[in-house]
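Residue numbers start from 1 in every chain, and the chains themselves are labelled A, B, ... in the order their sequence lines are given, proteins ahead of strands. Scope of the values below: all heavy atoms of this structure, side chains included, with no hydrogens, waters or symmetry mates.
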Amino acid sequence: MSNGREDSTYERIYAAVCQIPVGCVATYGQIAGLAEASGPRQVGYALHALLPGSDVPWHRVINAQGRVSPRSESDHDNVQRMLLEAEGVEFDSRGRISLQRFRWQE
DNA sequence: AACATGACCATTA
DNA sequence: GTAATGGCCATGT
């Protein structure tokens, strides 16, 4: 455990993900830049560690290919697509998102 | 301390 | 357009 205030890299990543507006998506590399993370790998790692009981919209984070990243369990990726569709994000016939239209641009 | 793993990205074929 | 390789760094054993 740690003290009440966490200055970990994860905290910055969570904050960046929370900043993503509804109906938009962001890539791991983009989050890494906003969160000042050392690399996109740590973003994915942070999200994997945050899964249970988090108010962070992790489903709005996708990879640079505009696709949902395949994680250990195949169930979760299906959920992510459903959540995005519920927020207004449209998927391609192959389950791909048009970054040109839905990518979060500050 | 070292090794192996991981929800990635960019380049190359 | 897809598939494969190397490099990035933090985490757990």
(message) As a test of reading the structure: which of C:dC9, C:dT2, B:dA7 is closest to the side chain of A:R94, going by heavy atoms?
(response) C:dT2
(request) Return the minimal non-hydrogen interatomic distance between A:W104 and A:A16, and the atom names on each side. (result) CZ3-O, 4.2 Å
(message) For a quick test of reading the model: is some side-chain N or O of A:T27 closer than 4.0 Å to OP1 or OP2 of B:dC8?
(response) no
(request) Figure out the CD1/C1' separation between A:I31 and B:dC8, and round it to whole Å. (result) 13 Å
(request) Please figure out whether A:G29 or A:Y45 has its closest DNA chain B nucleotide nearer the 5' end. (result) A:Y45
(message) Less than 4.0 angstrom between a side-chain N/O of A:S38 and OP1 or OP2 of C:dA10, yes or no?
(response) yes
(request) Starting from C1' on C:dC8, measure out to CZ on A:R41 and report it in whole angstrom. (result) 8 Å
(message) So which atom in A:T27 and which in A:R103 form the shortest heavy-atom distance, rounded to 0.1 Å?
(response) OG1-NH2, 3.4 Å
(request) From the options C:dG1, B:dA10, B:dA7, select the nucleotide whose nearest atom is closest to the side chain of A:H48. (result) B:dA7
(request) Please work out if A:I62 contacts a base, only the sugar-phosphate, or nothing of the nucleic acid, heavy-atom cut-off 4.0 Å. (result) nothing
(request) To the nearest Å, give me how far apart CG (A:L50) and P (B:dG6) are. (result) 18 Å
(message) Given 3.5 Å as the limit, does a donor-acceptor pair link the side chain of A:Q80 with the main chain of A:V61, or not?
(response) yes
(message) In whole Å, I'd like the distance from the CZ atom of A:R67 to the C1' atom of B:dC8.
(response) 15 Å
(request) Starting at atom CZ of A:R12, determine the distance to atom P of C:dC9, rounded to an integer number of angstrom. (result) 15 Å
(request) Using a cut-off of strictly less than 4.0 Å, decide whether A:R96 has a side-chain nitrogen or oxygen near OP1 or OP2 of C:dT2. (result) yes
(request) Nearest whole angstrom, please: distance from the C1' of B:dA10 to the CG of A:N63. (result) 13 Å
(request) Calculate the interatomic distance between A:H76 atom NE2 and B:dG6 atom P; express it in whole Å. (result) 16 Å
(message) Ignoring hydrogens and geometry beyond distance, is the side chain of A:Y28 in donor-acceptor contact with the base of B:dA7 at under 3.5 Å?
(response) yes
(message) Is any side-chain heavy atom of A:V56 closer than 4.5 Å to one of A:I13?
(response) no
(message) Distance check needed: B:dA7 P versus A:E73 CD, whole Å only.
(response) 11 Å
(message) Is there a side-chain contact between A:F102 and A:I62 in this structure, where contact means two heavy atoms from C-beta onward sitting under 4.5 Å apart?
(response) no
(request) Please determine, for the side chain of A:P70, which listed nucleotide (B:dC9, C:dC9, B:dC8) has the closest atom? (result) B:dC8
